[in-house]
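First comes the structure, then the notes that go with it.
Here the structure is a predicted model, which is why all the values come from computation and not from measurement. One-based numbering, in listed order, for ligands and for the atoms of each.
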Amino acid sequence: MHEEHRKVTLASWPTPLEPAPRLARALGLGPDDLWIKRDGLIGLGGGGNKVRKLEWTCGQALAEGARTLVTSGAPQSNHARLTAAAGARLGMDVVLVLAGEPTGTAAGNLALDGLLGARVVWAGAVDGAELAAVLDRVVAGLREQDAAPALIPFGGSSPVGALGYVDGGRELLAQAPDLATAVVALGSGGTMAGLVRALGEDRVLGVHCGAVADPGHTLDLLLTELYAPSPAPRRPRLRVDQVGAGYSRLTEPVTEAVLLAARTEGLVLDPVYTGRAMAGLVAAVREGEIRPGDRTVFVHTGGLPGLFGHHEALRRAGEVLAARVM
Ligand SMILES: *Cc1c(COP(=O)(O)O)cnc(C)c1O
């Protein structure tokens, strides 16, 4: 479905692929086995995987004559922050419909949303269906005001958005032709779906982060569209063991993975996505699903601003620091 859609450029490509020999050794892999695809370094709005998807969804919005981008998410949504940045870059208005109540101080992604010029609609403490209903009302209101709104889907993960990671997967393959496994966080699913389309289902290991109720189903819907008219692959590799008490909650394996990556490579992970993906990689090595001698790439999808808006992680960081005061 590539050719019938238009894409805008929002950053410089390719992102770096860097070795992680000290982390590899700490995990029991060979020093040349583990590499990091640095999509956290994408140079727009604080970086992260959502930019690749926005190149396609914004391209589609512009082709349809839109002047306002509208999307939704959690208050600490990286996708909302990067939609705000894309709108600024493209000269479009941005409205973010966020699940929560207005806050006095803005931390993490929320601080950047305002700085990047987005307007925020607080939807209150709502579930996914209620948030979608508020979103529909906001879009209808903007249409009445002649603001030409375009709805950017949850997490940017429409089939068109996922094309950004078909691009990303091809880019990675040119950098690592002998790739055995790319490990990536699964939130709304577009990133993993695009990577599977580019690399094949055997070479992508997704780690479910708890953002959707049924990750297998979410992935299946996206893959069906990305492969049409061919049949979608049957058995994408998916780990569902890292969610813990829920999407935004910090877990012990995530804390350990975050500390390990930071102390072996100076690589900063976030507590919601990349920390879970790394905890999944650690578990996959322990269980022999990822083996020494195979080229493994950890796809760093960004999310750093979220660390500074995550109260539980910041409290834990305070404890870690207190234990090291000299
Ligand atoms: C959204 C997000 C993901 C997950 O990507 P999806 O395409 O939604 O599955 C992973 N990491 C970070 C930092 C994200 O913000």
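Residues Arg203 and Leu173 are in side-chain contact: their nearest non-hydrogen atoms beyond the backbone lie under 4.5 Å apart. Under the 4.5 Å side-chain criterion, counting only non-hydrogen atoms from C-beta, Val95 is in contact with Thr68.
Annotation: Ser188 places an N or O atom under 3.5 Å from an N or O atom of ligand 1; distance criterion only. Here's the thing with Thr191: one of its N/O atoms is less than 3.5 angstrom from an N/O atom of ligand 1. Residue contacts with ligand 1: Gly302 is placed with no nitrogen or oxygen under 3.5 Å of a nitrogen or oxygen of the ligand (distance criterion only). An N or O contact shorter than 3.5 Å links Asn78 to ligand 1 by distance. In terms of N/O distances under 3.5 Å, ligand 1 is approached by Gly189.
Because its NZ or CZ atom is both nearer than 6.0 Å to the ring centre of Tyr273 and within 45° of the ring axis, Lys50 counts as a cation-pi partner of that residue.
A donor-acceptor pair under 3.5 Å is absent between the side-chain atoms of Glu55 and the main chain of Gly164, judged by distance alone.
The proximity of Lys50 to ligand 1, defined as any non-hydrogen pair under 4.0 Å, is limited to the side chain. At a 4.0 Å heavy-atom cut-off, ligand 1 does not touch Ala211 at all. Heavy atoms of His79 found under 4.0 angstrom from ligand 1: none, in either backbone or side chain.
Each of the atoms 9 (O) of ligand 1 lies under 4.0 Å from some heavy atom of Leu186.
Follow the hydrophobic side-chain contacts under 4.5 Å out from Leu62 and you never reach Val70; the two are in separate clusters.
Judged by the shortest distance from any of its heavy atoms, Asn49 lies inside the 4.0 Å radius around the atoms of ligand 1. Residue contact check for ligand 1: Ser157 places a non-hydrogen atom closer than 4.0 Å to it.
With His300, Gln76, Lys53 as candidates, the residue nearest to atom 6 (P) of ligand 1 on a non-hydrogen basis is Lys53.
Screening Asn78, Thr191, Asp39 for a side-chain hydrogen bond (donor to acceptor under 3.5 Å, both in side chains) with Asn49, the sole residue that qualifies is Thr191.
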